[in-house]
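The structure appears below as structure tokens.
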Amino acid sequence: MLNCRQATQLMSESQDRPLAAGEKLALKLHTLMCKGCRNFEQQLPVIRRIARRY
Amino acid sequence: MPQRHEMSRDGQHAARPELLSEELRRQMLRFARLQLKDAHLAEDAVQEALLGALKYADSFKGQAAYKNWVFAILRNKIADIIRKNQRLIAVSSLGSDEEQDPEALLFNRSGRWHREEMPVRWSSPEASFEDEQFWTIFEFCLDHLPANQGRVFMMREFINLESSEICRELELTVSNLNVLLYRARLRLRECLENKWQLQGDCSC
């Protein structure tokens with residue numbers, strides 16, 4: 001089971017490479033239970049859009 | 001004060017591309033300084049990129065195409081300078097000091113968020129993109145990233161280089177790059193949340 005640190009690392013990597021099916025499933029299970037990581041996951045694409053709009 | 005350019009009805013610059021160079025130059029300088037950490041080298045790189053781009057200015061139909069072209073030239077200039085100056089390739093030395101490791105501050109020993117550091121939901125971020133104060137905050141957060149993290153973040157997200165290109169140009173391993181990008185995103189996210197989302201008196 002992923003902890004928050006591992007989950008956010010994986011979320012960050014998902015911005016740079018496609019995740020494997022097992023990684024996606026592990027993330028899904030973690031974010032179902034963790035509101036903070038769910039918010040983090042939604043904010044990563046926003047940070048990317050901010051940088052692109054810079 | 002930068003020169004104001006005439007704007008057309010849809011907000012696009014009506015001026016010819018080469019007339020935009022003062023505004024562009026400022027953006028390019030910020031980027032080059034972030035990448036090179038040397039004002040003189042940055043100035044030289046921007047100057048050369050603008051001169052190179054001006055030769056072909058007539059062949060561009062709009063500002064976006066011209067800007068992309070200029071930044072592509074600047075990117076190559078910066079890459080050349082980085083290759084020539086081995087001291088700048090020290091990006092691969094990640095360092096192990098506390099300053100470089102935001103995870104220790106954000107997560108507890110079992111890898112869970114510290115209660116007060118847990119991300120909150122952001123409200124309508126796109127609505128702030130037209131707000132100058134928002135960009136002041138973003139630049140503040142960007143400037144306060146450790147140099148290596150700011151550099152790779154902007155190469156990845158602003159110039160839109162692929163990870164493999166960044167690794168090749170900065171002689172980084174993929175795992176080192178992943179760590180730098182992860183830490184940059186963690187810090188930027190936290191800074192934006194604290195300075196922008198949680199500031200009750202902030203106009204944005």
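Per chain, numbering begins at 1; letters A, B, ... match sequence-line order.
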Practice task
Compare every heavy atom of T8(A) with every heavy atom of W113(B), then report the nearest pair and how far apart it is.
Solution key: CZ2-CG2, 3.5 Å
Fill in the blank from the handout: Looking only at M154(B), R185(B), E117(B), E162(B), the option with the highest number of non-hydrogen pairs under 4.5 Å against chain A is R185(B)
Practice task
Find the distance between CZ (R112(B)) and SG (C37(A)) and round it off to the nearest 0.5 Å.
Solution key: 8.5 Å
Problem - Main-chain N/O of N178(B) paired to Q9(A) side chain as donor or acceptor, under 3.5 Å - result: no
Problem - Proximal component of L177(B), with respect to chain A [non-hydrogen, under 4.5 Å] - result: neither
Practice task
Report yes if some heavy atom in the side chain of R17(A) is under 4.5 Å from a heavy atom in the side chain of S163(B); otherwise report no.
Solution key: no
Handout entry: Euclidean distance, L186(B) CG relative to S12(A) OG, rounded to 0.5 Å
Key = 7.5 Å
Fill in the blank from the handout: Under 4.5 Å to a heavy atom of chain B? For Q15(A) that would be both
Handout entry: Straight-line distance of E103(B) CD to Q6(A) CD, nearest 0.5 Å
Key = 12.0 Å
Completion exercise
CD (E157(B)) and CZ (R49(A)) are apart, to the nearest 0.5 Å, by 11.5 Å
Exercise for the section: Mind running side chain to side chain contact (heavy atoms under 4.5 Å, CB included) on R5(A) and Y182(B) for me, showing each step along the way? Expected result: CA-CA 10 Å; R5(A) 182 172 175 162; Y182(B) 173 57; 4.0 Å; yes
Problem - Side-chain heavy atoms of F153(B) within contact of I47(A), under 4.5 Å - result: yes
Handout entry: Exercise: identify the closest heavy-atom pair between I50(A) and W135(B)
Key = O-CH2, 3.3 Å
Practice task
Would you please name every residue forming a disulfide bond (SG atoms under 2.5 Å apart) with C34(A), sequence neighbours left out?
Solution key: none
Completion exercise
Nearest heavy-atom approach of Q43(A) to V120(B) is NE2-O, 2.6 Å
